[in-house]
Amino acid sequence: MSGQLENFEQQICVQKWQHFDDNKNYTKIDDVISDARKELRAMMDNYVIPGAVVAFSIKGKTVWSESFGLSDIENNVLTHVDSPWRLCSISKPVTSVLVGQLLDKKLLDLDKPINDYLPLSLFPIHRYNGTEYKLTLRLLMSHTAGVYIKLYTDNMTPFFKATNVTQMIKLFDNQTLLFKPGTKWDYSNYGIQVVGAIIESVLKNNFVDEMSKLFAKIGMNSTVLEKHENLLKHRPRYYSALPDKPTVLQNSDLTDDMFNYEGWWPAGGILSTVTDMLRFGNTMIDAYHGTDQSIVSQSPIKELWKPETIGKYIPPIYNADYGKQWMIYHTNASYPYKLVVGHGGSLLGTSTQLTLFPNERIVGTGFANKGGIIIWPDFIAKVAEKLKNLI
């Protein structure tokens, strides 16, 4: 899911705002949505996106939820607003809530060595330039530990049905660190897998059960951990462009499915709907403000949203810093947000985005069934900008 699979991290697309008039004085939410709808359709035409779903809420109330295009080109199936999409890397902030709960209970410490939670047989001491380093949860969650994972193995034998996350981290070698921990930033899905294994170790239970409990508690009734064989109503098909013909679509490569096998759940294996993403986003905003701490308290949310990468790397995309499994955005919108957090995700056939504007209490989310589409953050920020003026 890193490198080729999260190729949106490497590609920069410039979106032209064709239908929003910055000089227009919007007086109705419906007018904002009308122009946003035109803009999204133009975006889909420009980037040859088969299907998309978008949703926004203000102060916990859904003001826009709509589907566009086709979820299945071959069978001419319209996209459905309740389709369960691969969240891809939005799975990371969702997983972070379990860490927040364990921080609340004093069962985890962001700065204790990983081997306080996992034995050396599972997570050996890592080295850089011959020096041993004790990695921490803070380093893993912020992608500043220097760990990485090979995209492909020499054969396909590791691709099996796992019953927990811990089984998966056994498969990878004790590779040399990419840099001295804490000095740089390098996106590592493997690091988040280790976070999942730590959760299983501390709770003495598998990740699937613990996430299912979290979904139920938040009320994310359409959110599940992906299992390819499960039958899910309105599940979309996933598409990518031909390498030499960017306007011609094809079904996504099999690799897409192989890297979504059971065991990758913490880093990118959750399926959800835009409705559930709004519910999740508003739950996080309520926790941040301290108005509802029944899921997780205010303190760990503020910690998860605290940047860890300032001065350690030049943001490659989105103009964002990175906290603990959350991005902290410096949006290009024309008015200064005090805080913007969220995460994007992409596989060969999926592009997703969840953005929270905590002080404005706005949540925006969007999914598309084509990979490498990175204009979601700007689209969501622009719509939120117009909505904010009507609050």
Lys324 side chain to Lys306 backbone, donor-acceptor under 3.5 Å: yes
Parallel, tilted or perpendicular: rings of Trp376 and Phe379 (30°, 60°): perpendicular
Shortest non-hydrogen contact from Val202 toward Tyr117: CG2-CD2, 3.8 Å
Check against side-chain contact (heavy atoms from CB on, under 4.5 Å), Leu102 and Leu203: CA-CA 9 Å; Leu102 294 174; Leu203 292 176; 3.5 Å; yes
Check: Trp85 and Arg235 side chains under 4.5 Å, non-hydrogen atoms: no
Glu360/Lys388 ion pair, N-O < 4.0 Å: no
Close side-chain approach of Leu108 to Leu137, heavy-atom, < 4.5 Å: yes
Spatial distance of atom OG1 (Thr350) from atom CD1 (Ile90) [nearest 0.5 Å]: 10.5 Å
Ser65 side, atom OG; Phe56 side, atom CZ - distance, nearest 0.5 Å: 11.0 Å
Spacing of CD1 belonging to Ile380 relative to CG belonging to Leu354, to within rounding of 0.5 Å: 7.5 Å
Donor-acceptor contact below 3.5 Å, side chain Trp185 vs main chain Ser142: yes
Spatial distance of atom CG (Leu347) from atom OG (Ser89) [nearest 0.5 Å]: 7.5 Å
Any residue meeting ring pair (Phe, Tyr, Trp, His ring centres under 6.0 Å) with His289, in chain and number order, not counting sequence neighbours: none
Minimum heavy-atom distance between Met141 and Ile192, given as atom pair plus value: CA-CD1, 4.1 Å
Residue pair Phe357 / Val363, side-chain heavy-atom distance below 4.5 Å: no
Test item: side-chain donor near acceptor, Asp292 and Ser294, under 3.5 Å: yes
Short side-chain to backbone donor-acceptor contact, Ser346 and Gly372, under 3.5 Å: yes
Contact check, side chains of Met211 and Trp265, non-hydrogen atoms, under 4.5 Å: no
Full working for side-chain contact (heavy atoms from CB on, under 4.5 Å) between Leu139 and Tyr133: CA-CA 11 Å; Leu139 292 169; Tyr133 290 94; over 6 Å; no
For residues 275-285, tabulate all N or O donor-acceptor pairs below 3.5 Å that involve a side-chain atom, not counting sequence neighbours.
unit_1	atom_1	unit_2	atom_2	d
Asp276	OD1	Arg279	NH1	3.0
Asp276	OD2	Asn221	N	3.3
Asp276	OD2	Ser222	N	2.8
Asp276	OD2	Thr223	N	3.2
Asp276	OD2	Thr223	OG1	2.7
Arg279	NH1	Gly219	O	3.1
Asn282	OD1	Gly60	N	3.4
Asn282	ND2	Ser57	OG	3.0
Asn282	ND2	Leu278	O	2.9
Thr283	OG1	Arg279	O	2.8

Pairwise side-chain contact, Phe123 with Asn115, heavy-atom cut-off 4.5 Å (strictly under): yes
Where Val147 and Leu178 come nearest, the two heavy atoms and their spacing: O-CD1, 4.3 Å
Min side-chain heavy-atom separation Tyr190-Leu140 under 4.5 Å: no
Single-linkage hydrophobic cluster Leu107~Phe207, side-chain heavy atoms < 4.5 angstrom: yes
Arg138/Glu303 salt bridge by N-O under 4.0 Å criterion: yes
Short side-chain to backbone donor-acceptor contact, Thr79 and Gly69, under 3.5 Å: yes
Heavy-atom pair with the smallest gap, counting every atom of Ile301 and Ala287: CG1-CB, 3.8 Å
Between Asn206 and Glu200: side-chain donor-acceptor atoms closer than 3.5 Å: no
Donor-acceptor pair between Thr355 and Gln353 side chains, under 3.5 angstrom: yes
Side chain Asp209, main chain Asn205, donor-acceptor under 3.5 Å: no
Gap separating the CD1 atom of Ile114 from the CG atom of Asp116, nearest 0.5 angstrom: 8.5 Å
SB check Lys24 Asp35 (cutoff 4.0 Å): yes
Val48 with Val53, same ILVMFWY side-chain cluster at under 4.5 Å: no
Side-chain touch Tyr26/Leu387, heavy atoms, less than 4.5 angstrom: no
Val274 vs Asp82 side-chain heavy atoms within contact, under 4.5 Å: no
Nearest-0.5 Å distance, CD1 of residue Ile362 to CD1 of residue Ile58: 5.5 Å
Within one Ile-Leu-Val-Met-Phe-Trp-Tyr cluster: Phe367 and Leu78, side-chain cutoff 4.5 Å: no
Test item: side-chain donor near acceptor, Ser299 and Ser297, under 3.5 Å: no
Donor-acceptor contact below 3.5 Å, side chain Gln250 vs main chain Ser240: no
N/O donor-acceptor pair under 3.5 Å between Gln325 side chain and Thr95 backbone: no
Residues in side chain to side chain donor-acceptor pair (under 3.5 Å) contact with Arg237, at least two apart in sequence or another chain: Glu74, Asn251
Minimal non-hydrogen separation, Ala320 against Tyr329, with atom names: CB-CD2, 3.7 Å
Donor-acceptor contact below 3.5 Å, side chain Ser96 vs main chain Pro93: yes
Pair Asn189-Lys92, side chain to side chain donor-acceptor pair (under 3.5 Å): steps then yes or no: CA-CA 9 Å; Asn189 287 296; Lys92 294 176 175 66; 2.6 Å; yes
Option among Trp326, Tyr322, Phe179 that satisfies the ring pair (Phe, Tyr, Trp, His ring centres under 6.0 Å) test with His143: Tyr322
Thr352 and Arg86: CA distance, side-chain angles, deciding distance, side-chain contact (heavy atoms from CB on, under 4.5 Å) verdict: CA-CA 8 Å; Thr352 64; Arg86 289 174 176 165; 5.9 Å; no
Lys370 to Tyr238 six-membered ring, cation-pi geometry met (6.0 Å, 45°): no
Steps toward side-chain contact (heavy atoms from CB on, under 4.5 Å) verdict (Ile295, Leu214): CA-CA 8 Å; Ile295 303 298; Leu214 177 66; 3.9 Å; yes
Within one Ile-Leu-Val-Met-Phe-Trp-Tyr cluster: Leu70 and Ile49, side-chain cutoff 4.5 Å: no
Hydrophobic cluster membership, Leu87 vs Tyr239, 4.5 Å side-chain cutoff: no
Non-hydrogen atoms of Ile373 and Ser351 that approach each other most closely: N-OG, 3.0 Å
